[in-house]
4 protein chains.
Amino acid sequence: MSSTTRGRIDKRQAILDGAFTVFARQGYAQAGVQDIALEAGVAKPTVYNHMTDKATLFRHAVEAAAMTALDQRVAALAPLGDPGDDLAATLEGVALALLRLHTDSRYCALRRLLYSEITHFPDILDIVKEYGLDRLNHALADRLARLALAGRLRTTDPDLAAEQFLALILGPLEARSQMGTRQLEEAELATIARTAVETFARAWVVS
Amino acid sequence: MSSTTRGRIDKRQAILDGAFTVFARQGYAQAGVQDIALEAGVAKPTVYNHMTDKATLFRHAVEAAAMTALDQRVAALAPLGDPGDDLAATLEGVALALLRLHTDSRYCALRRLLYSEITHFPDILDIVKEYGLDRLNHALADRLARLALAGRLRTTDPDLAAEQFLALILGPLEARSQMGTRQLEEAELATIARTAVETFARAWVVS
Amino acid sequence: MSSTTRGRIDKRQAILDGAFTVFARQGYAQAGVQDIALEAGVAKPTVYNHMTDKATLFRHAVEAAAMTALDQRVAALAPLGDPGDDLAATLEGVALALLRLHTDSRYCALRRLLYSEITHFPDILDIVKEYGLDRLNHALADRLARLALAGRLRTTDPDLAAEQFLALILGPLEARSQMGTRQLEEAELATIARTAVETFARAWVVS
Amino acid sequence: MSSTTRGRIDKRQAILDGAFTVFARQGYAQAGVQDIALEAGVAKPTVYNHMTDKATLFRHAVEAAAMTALDQRVAALAPLGDPGDDLAATLEGVALALLRLHTDSRYCALRRLLYSEITHFPDILDIVKEYGLDRLNHALADRLARLALAGRLRTTDPDLAAEQFLALILGPLEARSQMGTRQLEEAELATIARTAVETFARAWVVS
DNA sequence: TATGAATGAGCCTTCATTCAT
DNA sequence: TATGAATGAAGGCTCATTCAT
């Protein structure tokens, strides 16, 4: 890979990163391409050399962010592959990991962007379907299905179980963090995780 | 109250309504004051005669919408004041009512607006605190506390119970409605309500 | 007519005039709407309040200029309505008047504009047909036809006669004025008029 | 001449040709150097390696086009060197040849370009003086002078005669072709030639 | 030499806001 | 009070031109 190619790729990445940063900070309409260029350390036309449009730039930036966000969250489910004896504790650990990821400011910004622009960018729905909560739900349901086969969970409906697990941790998070504006303390996150797993366990875990 | 005053008030209301409609449709930045004036059936300067700013207009429009939204949702909790014998059924009814309210397109638009502009309008936080989920949580917790006193629920923590109740119905709603873009069928809402109450009951209802 | 209406009309006229001036000086593409606004003594958005587009502005400005240009030139034909005894002298007078009009710098600019932009603004052709040389030819042919009926000209083809009359005065003008860049002295104009009429007379005038 | 030199010259010619093509199609300002490079089959910086400027490129392209245009038109005068018995017929032939050259689309485009940019490129005047109508007039006047010496034309003023000859053929052409936008049929060109020569003959030819 | 990539400057257009009536 | 008209400021996008290879 020649150094020029590297440079070009680097610049493209810098533009995408800068774009997300600025979009996250200012919203789509309020963000200026000028600002993005500045943030990325390039000149304005360079942005247009890589992306045809402000809209296209937005889509790509958001897609990239959504991708990495999904990857991280799916990775956080790993412990469920080898739960050990204390299933509740494992669930709590996973819940806490997810909570931490969901309080990341970049992720909060991503959610805000998706919410605000989903009406103007219909094709953002594709991104949501591809890298959104649904996908995490699926991955989690897979893990839970295995646990059900292993006799550790009620066997009925892993998709529903996953949905409720996520709802029980993310719902309170949303409410308490004031739509992502307040940073929650680690202790509070732990409380959310614990109470969520408690309720989840009563409904789904085989004791 | 003289007729001119009446007319003035009517006009103010028309402006606020039109503003919310347009903001909901286009977002804060993309909405033009011109559009709002058109929607309200007045001339542009008239808008400025009533509201100093586009920002102020936004705040007032959003606040009004949030107020009525909260009122409706609190009203939906009424059946819990007289639950009858089948508590689960009552909870399910309330859940369903809340789900219906939360699929209303104006309410979805309100949420979108709050999400997108919360970073630019710090004082929107006040609106959220005053008329947001917290308030509904409180109201619901009050009801649950009474049920706990009446021995129908575990007595520990009504706030937590309310939080989880709401999480169990709104979380899945969010996920399945694709951030409010898809309209869910009544049957699916009923399913969400039933499964949510089932899990909630296992954790909190005294059988 | 209220003073405000007057003011609006004045401003519109000022914009059209300014637009033509600037377009004439710089050409369509090189002319900035900014410059036009400055020339008209208004702010840039005011221009857009009156004309939707830079292109529309151009069309209207050009059309107005073409209209007045045609009016002036047709008016210059008036003496042919009452030629008197010395027809050649009358023709020379008309020729000279037309030559003077055609050396007007605004008219030269108009021709330049029409030439340069006719490929980009296909509907400019309509303006040319409506207010261009054809029209002058027609009007002149009418006059010549009457003279023919009166036995002062050969009767064959007034349209052709008009065409050649105009060609004999405008052709040399074009050539000698270096495409309108050089201002010709009155004496030279007179020479052109005289020689043109001489040749024209040999072919068409009944001696 | 080495092959690389050949290639270089070829490339230069390709650039000049492409430039004229694009300038003719889009006008000076609307033509992009990018477009020109594309048309010439080279990369954009290559254009700058051969020509310092867009302006310089324009001047050279226009000059080349004007040169070949003048050559063709002067060549069309050749029959006047040996007019034969029927001078009128010879004149008509020359007139027709000139008319055909003047309806060529590249030549029309050249005229359009000269007209539009003559105000912005003062040195284009030099091109006009060097290769423009004046030169054709001169060449034609030379031929006519010889004919005058030979007693076939009135002897007074060959320059004027040439001027009127050209005016009588080019003026009607301009008018009828709607500034070069309409293609005239061969028959109409012949009519123009015939009527022009008729009138010219009455004034200048010794019968 | 020829080119892919980058840039500084500029332009058309829009919008929130204010005057004058 | 309500409105037609005007404006200052800003933003998206393009282009001629130049590096660096």
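Letters go in sequence order (proteins before strands), and every chain restarts at 1. What you see is a predicted model; the values in this text were computed from it and never measured.
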Just the rounded figure in Å: distance from [atom2] of [N] to [atom1] of [X].
X: D/D10; N: E/dT1; atom1: CG; atom2: P; result: 16 Å
X: B/F23; N: E/dA16; atom1: CZ; atom2: P; result: 9 Å
X: D/Q30; N: F/dA16; atom1: CD; atom2: P; result: 11 Å
X: A/D53; N: F/dG11; atom1: CG; atom2: C1'; result: 14 Å
X: D/Y48; N: F/dT17; atom1: OH; atom2: P; result: 4 Å
X: C/M51; N: F/dA6; atom1: CE; atom2: C1'; result: 17 Å
X: D/I15; N: E/dT3; atom1: CD1; atom2: P; result: 9 Å
X: A/K54; N: F/dG11; atom1: NZ; atom2: C1'; result: 8 Å

(request) Provide the closest heavy-atom pair for C/I15 versus C/T46 in the form atom of the first, atom of the second, distance. (result) CD1-O, 4.0 Å
(request) Look at the side chain of A/P45 and decide which nucleotide, out of F/dA6, E/dG8, F/dT18, has an atom nearest to it. (result) E/dG8
(message) Closer than 4.0 angstrom, basic N to acidic O: yes or no for D/E39 and D/R25?
(response) yes
(message) Main chain of D/V42, side chain of D/K11: is a donor-acceptor contact present, judged purely on distance under 3.5 Å?
(response) no
(request) Specify the residue among D/A29 and B/K44 whose closest nucleotide of DNA chain F lies further upstream toward the 5′ end. (result) B/K44
(request) Between B/A43 and A/V33, just flag the one whose closest nucleotide in DNA chain F comes earlier from the 5' side. (result) B/A43
(message) Parallel, tilted or perpendicular, judged at 30° and 60°: which one describes the rings of A/F58 and A/F23?
(response) perpendicular
(message) Can you work out whether B/G32 or A/V42 has the more 5'-proximal nearest nucleotide on DNA chain E?
(response) A/V42
(request) Taking only the side-chain nitrogens and oxygens of C/H50, find out if one of them lies under 4.0 Å from OP1 or OP2 of F/dA6. (result) yes
(request) Indicate, with a heavy-atom threshold strictly under 4.0 Å, whether C/A31 touches base, sugar-phosphate, or nothing. (result) sugar-phosphate
